[in-house]
**Student:** 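Please read through the structure below; I'll follow up with questions.
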Amino acid sequence: MKITDVEAISLVVPMEEKISAPISIPYAEEIENVVFGQYRTTIVKVHTSEGITGIGECIVRLTPTATRDIIETIKPVLIGKDARDVEIIWELMYGIMVNRGHTKGFYIEAISGIDIALWDAVAKYQNIPVWKLLGGLHNDPIKCYASSLRFRGLETSMKEAKEYVAMGYDSMKIKIGNDPKQDIELVQAIRSAVGPDITLTVDANCGYDVFTAVQVGKKLEEENIYWFEEPIMPDDLDGYRKLSLKLNIPLAAGETEFTRYGFRDLITKGGISIIQPNVSRTGGFTECKKINAIASAHHIKYAPHTGSTSAVCLAASMQLAAYLPNFLIYEYMRSDWNKKQLNPLRHELQKENFEHFDNGYLSVPTKPGIGMELNEDILKKYKV
């Protein structure tokens with residue numbers, strides 16, 4: 001099953017109207033139009049000698065053509081390789097730049113998309129879902145939470161929270177990290193709106209310093225918040241360790257991290273209780289299996305991050321969630337960056353819906369590969 005070609009297709013959907021940052025970012029007024037001015041992604045197609053094409057996604061937060069050009073550059077290394085040799089291929093790709101300063105960032109995101117496409121192709125070749133190829137089905141159905149209640153005012157957020165409860169969700173995430181006083185008021189208002197039996201988590205998107213995170217965390221404990229996600233900057237492992245010792249609330253992190261090496265440090269040095277790798281960023285299925293092994297060895301739970309990605313990442317993440325032995329809960333995205341302009345890469349890139357929700361759970365996908373087919377019309381419409 002030889003690799004005959006690798007395609008990288010960058011997609012961009014411009015925002016029709018400027019929006020304010022829907023999550024915590026530094027210098028928001030200066031940079032929000034760059035960060036949140038487009039929906040973006042890079043889709044990967046791996047073609048094989050058996051006539052089977054695997055698909056994957058490189059998560060993109062800026063400059064989708066960067067991952068596209070990386071893939072085009074390293075493609076000669078891939079052509080002719082057996083697509084089933086996923087670990088060998090991963091190490092070859094990583095070896096190209098490991099001693100040249102590129103063990104994180106765009107380069108690993110590019111590897112991620114290729115790796116997902118390889119697993120998709122191999123699973124299709126065997127006519128089985130990726131979760132079976134990964135090692136079997138541990139989670140059926142898949143427990144999920146509604147993500148996320150964004151910065152849109154108290155009344156709007158309370159209304160949305162009640163709507164999620166009415167839909168059957170018993171768990172949801174709140175975006176904070178903007179202003180500590182307002183953040184606590186928001187959490188208290190949503191807790192009041194949904195009652196004590198709904199599981200609430202919060203995500204600060206690295207918006208606080210350690211001192212502020214401690215003060216906010218103490219208030220969150222009073223509201224029975226299940227986890228405190230990314231309270232401080234991702235590189236501050238010493239700060240995470242301090243927070244883990246000062247707070248009686250699990251710390252969750254990892255959506256910004258890369259490879260098993262980054263998660264090794266996050267767990268052993270940062271004292272994280274819940275890890276959140278994104279399969280389209282951290283190295284694909286091959287690397288997520290190794291990250292899972294590290295987490296399992298430390299008795300750490302795994303809650304896959306999805307975020308504002310395309311349908312390809314979501315389909316891949318569901319396969320991972322179905323497999324993970326130490327799985328906690330799946331992030332089911334219910335809110336796009338722009339409430340007035342939904343993300344077509346999220347909602348229209350697939351030919352058929354693969355997300356079937358029922359009372360807090362998603363059905364396990366049973367189709368071969370990652371369980372989705374691309375809508376080629378959407379690819380053509382938004383291709384750069």
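As the structure is a computational prediction, the values presented were derived from the model and not from experiment.
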**Student:** So if you build clusters from Ile, Leu, Val, Met, Phe, Trp, Tyr with side-chain heavy-atom gaps below 4.5 Å, do Tyr240 and Met233 land together?
**Tutor:** no
**Student:** Taking 4.0 angstrom as the limit, do Lys75 and Asp5 come out as a salt bridge?
**Tutor:** yes
**Student:** Hey, could you give me the CG/CG distance between Leu220 and Asn248, rounded to the nearest 0.5 Å?
**Tutor:** 12.5 Å
**Student:** For Glu373, is the CD atom crowded, meaning more than 12 foreign heavy atoms sit under 6.0 Å from it?
**Tutor:** no
**Student:** Is there side-chain contact between Trp227 and Leu328, with heavy atoms separated by less than 4.5 Å?
**Tutor:** yes
**Student:** Surrounding NZ of Lys81 (heavy atoms of other residues, nucleotides or ligands, distance under 6.0 Å), is the total greater than 12?
**Tutor:** yes
**Student:** Is a side-chain donor-acceptor pair under 3.5 Å present for Thr212 with Asp209?
**Tutor:** yes
**Student:** Please name the residue in the list Asp377, Val12, Leu345, Leu349 that meets the side-chain contact (heavy atoms from CB on, under 4.5 Å) test with Tyr382.
**Tutor:** Leu345
**Student:** Please indicate whether Lys219 has more than 12 foreign heavy atoms, meaning atoms of other residues, nucleotides or ligands, lying under 6.0 Å from its NZ.
**Tutor:** no
**Student:** Hey, is OH on Tyr226 packed in by over 12 heavy atoms from elsewhere, all under 6.0 Å?
**Tutor:** no
**Student:** Calculate, to the nearest 0.5 Å, the distance between atoms CD and SG belonging to Glu355 and Cys144 respectively.
**Tutor:** 9.0 Å
**Student:** Roughly how far, to the nearest 0.5 Å, is the CD1 atom of Ile70 from the CE atom of Met93?
**Tutor:** 11.5 Å
**Student:** Would you give the length of the straight line joining atom CD1 of Ile190 to atom NZ of Lys173, rounded to the nearest 0.5 angstrom?
**Tutor:** 13.0 Å
**Student:** Could you check Thr286 against Asp115 for side chain to side chain donor-acceptor pair (under 3.5 Å), going step by step and ending with a plain yes or no?
**Tutor:** CA-CA 7 Å; Thr286 298; Asp115 185 80; 2.5 Å; yes
**Student:** Could you label the plane-to-plane angle of the Tyr164 and Tyr169 rings as parallel, tilted or perpendicular, counting under 30° as parallel and over 60° as perpendicular?
**Tutor:** perpendicular
**Student:** Leu200 versus Glu223: any side-chain heavy-atom pair under 4.5 Å?
**Tutor:** no
**Student:** Hey, would you say the Trp131 and Phe285 ring centroids sit under 6.0 Å apart?
**Tutor:** no
**Student:** For Glu376, which of Lys383, Lys381, Lys45 qualifies under salt bridge (Lys or Arg N to Asp or Glu O under 4.0 Å)?
**Tutor:** Lys45
**Student:** Tell me whether the centres of the aromatic rings in His138 and Phe327 are closer together than 6.0 Å.
**Tutor:** no
**Student:** Test side chain to side chain donor-acceptor pair (under 3.5 Å) on Thr41 and Glu57; report intermediate values, then the result.
**Tutor:** CA-CA 7 Å; Thr41 197; Glu57 177 179 359; 2.5 Å; yes
**Student:** Drop me the distance from Arg281's CZ to Thr259's OG1, to the nearest 0.5 angstrom.
**Tutor:** 13.0 Å
**Student:** Of the non-hydrogen atoms in Asn353 and His356, which two are nearest, and what is the gap between them?
**Tutor:** O-NE2, 3.4 Å
**Student:** When you check the side-chain N and O atoms of Thr53 and His47, is any donor under 3.5 Å from an acceptor?
**Tutor:** yes
**Student:** Going by heavy atoms in the side chains, are Asp336 and Ser308 under 4.5 Å from each other?
**Tutor:** no
**Student:** Given the rule in the salt bridge (charged side-chain N to carboxylate O under 4.0 Å, His left out) test, do Glu352 and Lys367 qualify, once you have shown the distances and angles that lead to the verdict?
**Tutor:** CA-CA 12 Å; Glu352 295 179 1; Lys367 291 184 177 181; 2.9 Å; yes
**Student:** Could you go through the salt bridge (charged side-chain N to carboxylate O under 4.0 Å, His left out) check for Arg264 and Glu257 one step at a time?
**Tutor:** CA-CA 10 Å; Arg264 173 199 61 196; Glu257 195 51 87; over 6 Å; no
**Student:** Please step through side-chain contact (heavy atoms from CB on, under 4.5 Å) for the pair Ser24 and Asn178, ending with a clear verdict.
**Tutor:** CA-CA 6 Å; Ser24 173; Asn178 192 26; 5.6 Å; no
**Student:** Report, as yes or no, whether the 6.0 Å neighbourhood of atom NZ on Lys242 holds more than 12 heavy atoms from other residues, nucleotides or ligands.
**Tutor:** no
**Student:** Within a strict 4.5 Å, meaning less than it, do heavy atoms of the Ile176 and Tyr208 side chains meet?
**Tutor:** yes
**Student:** Within a reach of under 6.0 Å around CD of Glu87, are more than 12 heavy atoms found that belong to other residues, nucleotides or ligands?
**Tutor:** no
**Student:** Please determine whether side chain to side chain donor-acceptor pair (under 3.5 Å) holds for the pair Asp120 and Tyr125, giving the CA-CA distance in whole Å, both sets of side-chain angles, and the decisive distance to 0.1 Å.
**Tutor:** CA-CA 9 Å; Asp120 183 49; Tyr125 179 66; over 6 Å; no
**Student:** Donor-acceptor pairs under 3.5 Å, side chain of residues 295-305 to any protein atom, not counting sequence neighbours: which ones?
**Tutor:**
unit_1	atom_1	unit_2	atom_2	d
His298	ND1	Ile294	O	2.9
His305	ND1	Asn278	ND2	2.9
His305	NE2	Glu255	OE2	3.3

**Student:** Is it true that atom NZ of Lys351 has more than 12 heavy atoms of other residues, nucleotides or ligands lying nearer than 6.0 Å?
**Tutor:** no
**Student:** How long is the gap from CZ on Arg68 to OG1 on Thr73, to the nearest 0.5 Å?
**Tutor:** 10.5 Å
**Student:** Return the minimal non-hydrogen interatomic distance between Leu118 and Ile3, and the atom names on each side.
**Tutor:** CD2-CD1, 3.7 Å
**Student:** Might you point out which heavy atoms bring Pro231 and Ala204 nearest each other, and give the distance in Å?
**Tutor:** CA-CB, 3.9 Å
**Student:** In sequence, state the C-alpha distance, the side-chain angles, and the governing distance for Ile55 and Met372, and then conclude on side-chain contact (heavy atoms from CB on, under 4.5 Å).
**Tutor:** CA-CA 9 Å; Ile55 58 173; Met372 70 159 284; 4.1 Å; yes
**Student:** Evaluate Leu362 against Tyr330 for side-chain contact (heavy atoms from CB on, under 4.5 Å), listing each step before the verdict.
**Tutor:** CA-CA 9 Å; Leu362 286 166; Tyr330 175 80; 3.5 Å; yes
**Student:** Identify the two heavy atoms, one from Trp337 and one from Tyr39, that lie closest to each other, and give their separation to 0.1 Å.
**Tutor:** N-OH, 3.7 Å
**Student:** Who pairs with Asn127 by side chain to side chain contact (heavy atoms under 4.5 Å, CB included), at least two apart in sequence or on another chain?
**Tutor:** Pro368
**Student:** Between Thr42 and Thr67, do the side chains contain a donor N or O and an acceptor N or O under 3.5 Å apart?
**Tutor:** yes
**Student:** Going by distance alone, is a donor N or O of one side chain under 3.5 Å from an acceptor N or O of the other, for Glu287 and Thr282?
**Tutor:** no
**Student:** Can you confirm if the NZ or CZ of Lys143 lies within 45° of the ring axis of Tyr361 and under 6.0 Å from the centre of its six-membered ring?
**Tutor:** yes
**Student:** Establish, yes or no, whether the cationic atom of Arg260 lies under 6.0 Å from the six-membered ring centre of Trp90 and within 45° of the ring axis.
**Tutor:** yes
**Student:** Please report the shortest heavy-atom distance between Asn292 and Pro325, naming the atom on each side.
**Tutor:** ND2-CD, 3.7 Å
**Student:** Not counting sequence neighbours, list each pair that qualifies as a salt bridge (charged side-chain N to carboxylate O under 4.0 Å, His left out) and has a residue in residues 26-35.
**Tutor:** Lys18-Glu32
**Student:** Determine, step by step, whether Thr309 and Arg61 satisfy the side-chain contact (heavy atoms from CB on, under 4.5 Å) criterion, reporting the C-alpha distance in whole Å, the side-chain angles of both residues, the deciding distance to 0.1 Å, and the verdict.
**Tutor:** CA-CA 9 Å; Thr309 55; Arg61 289 294 178 260; 4.2 Å; yes
**Student:** Assigning hydrophobic clusters by single linkage (Ile, Leu, Val, Met, Phe, Trp, Tyr; side-chain heavy-atom cutoff under 4.5 Å), is Val165 placed with Tyr332?
**Tutor:** yes
**Student:** Which heavy atom of Val214 sits nearest to which heavy atom of Leu247, and what is that distance?
**Tutor:** O-CD2, 3.7 Å
**Student:** Has the side chain of Thr156 got a donor or acceptor atom that lies under 3.5 Å from a matching backbone atom of Arg152?
**Tutor:** yes
